[in-house]
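Hydrogens, waters and symmetry mates are skipped; everything else that's a heavy atom, side chains included, is used.
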Amino acid sequence: MSTSRPGATAPAGAPASGRRNHDDAPHTAEQFARLAELDDGPERDALRDELVTAWLPMAHRIAGRFRDRGESVEDLRQVAALGLVKAIDRFDPSRGAFESYAVPTITGEVKRHFRDRMWALRVPRRVQELRNRVRVARRELTQHPGSPEPTVAAIASHTGLTEEEVTAGLEALESFSTLSLDAELSTGDDGYSLADTLGETDTSYDVVVDREAAKEGLRRLPERERAILYMRFFEDMTQSRIADRLGISQMHVSRLISRSCARVRDEVLGSRHPGADRR
């Protein structure tokens, strides 16, 4: 069985190996037939490697179709080579020419690489498929010169998708690559970057929440304990000075501060301990 294209003939002076004008389409029908008959072992592995080497130029040519899409040619060639190996391992010589089977197999492997690995943000496969259907529909609906940009409803009607699915696909069209936070958004002297337009966490909100949560618990403390907390945390007095002012020991001041804070914290957390000592 020959793997050559229909009607192809070898040029004059063609080498004995039987290669055609195109270096990436060798005649390897006999090798594939023999490969199918061999059991696993060194002889089969050697023949398999020979076939990979013979068809590798075709895999590289297919990889070249996807250049300039954000991936290096070398990486694309490696992906295409992986697709070639899969095609050789799965090919059944009785079903036709190897080239007819290998081309879509290798092309599919490269496309799968872009679908699964080249997104800057991880997008679910279902959304990726919606993106592809929406992209094709937009192209079909605008193929005539002067055609307006199709609406979500028009794309939904054309594809049979819901408007929500079309919207998800349209959003995914803009999600293949990301924009750096350092990207300039204006060109004047007052130029600013994307990062300058983003908000940041304001810790003052946490302070407000904590203050409001503790307010009721502080109000329920005995007057002396409230006074001690005020002197310690608002007037920044030391425990020794507080003790001197109230005529009690510094250890007692420390114990009252710890107990008062624990009581307020427990109330805030909803686990107030009953019968707390208020002396």
Side-chain contact, heavy-atom cut-off 4.5 Å: Ile257 with Phe233? yes
Please verify the inter-ring angle class for Phe91 with Phe98; under 30° counts as parallel, over 60° as perpendicular, anything in between as tilted. perpendicular
Minimal heavy-atom distance between Ala81 and Ala59, with the atoms involved, is N-CB, 4.4 Å
Open item on the list: Quick check: is Leu246 connected to Phe234 through a chain of hydrophobic side chains (ILVMFWY, heavy atoms under 4.5 Å apart)?
Closed with: yes
Review point. Are side-chain heavy atoms of Arg241 and Met231 found at a separation under 4.5 Å?
Key: no
Heavy atoms of Arg224 and Ile248 approach each other most closely as NH1-CG2, 4.2 Å
Discussion item. Salt bridge check, Glu109 against Arg112: does any charged N sit closer than 4.0 Å to a carboxylate O?
Written reply: yes
### Message
Donor-acceptor check, side chain of Ser254 to backbone of Gln250, threshold 3.5 angstrom: yes or no?
### Response
no
Using 4.0 Å as the upper bound for N to carboxylate O, is an ion pair formed by Glu267 and Arg220? yes
Practice task
Begin with the C-alpha distance, continue with both residues' side-chain angles, and end with the deciding distance and a verdict on side chain to side chain contact (heavy atoms under 4.5 Å, CB included) for Met58 and Ile106.
Solution key: CA-CA 9 Å; Met58 182 193 69; Ile106 297 172; 3.6 Å; yes
Side chain to side chain contact (heavy atoms under 4.5 Å, CB included) evaluation trace for Val253 with Arg232: CA-CA 10 Å; Val253 171; Arg232 179 67 186 91; over 6 Å; no
In terms of heavy-atom contacts, Pro150 and Leu141 come closest through CB-CD1, 3.6 Å
Shortest non-hydrogen pair, Ile155 vs Ala137, comes out as CG2-CB, 4.0 Å
For Val134 and Gly169 the tightest heavy-atom approach is CG2-CA, 4.1 Å
| Does the side chain of Cys261 come within less than 4.5 Å of Leu229's, by heavy atoms? | yes
* Report yes if some heavy atom in the side chain of Val73 is under 4.5 Å from a heavy atom in the side chain of His60; otherwise report no. => no
The reported gap from CG in Asp89 to CG in Leu35 (rounded to nearest 0.5 angstrom) is 8.0 Å
| Taking NZ, NE, NH1 and NH2 as the nitrogens, is one of them in Glu37 or Arg34 under 4.0 Å from a carboxylate oxygen of the other? | no
Is the shortest distance from a Lys or Arg side-chain nitrogen in Glu216 or Arg219 to a carboxylate oxygen in the other one below 4.0 Å? yes
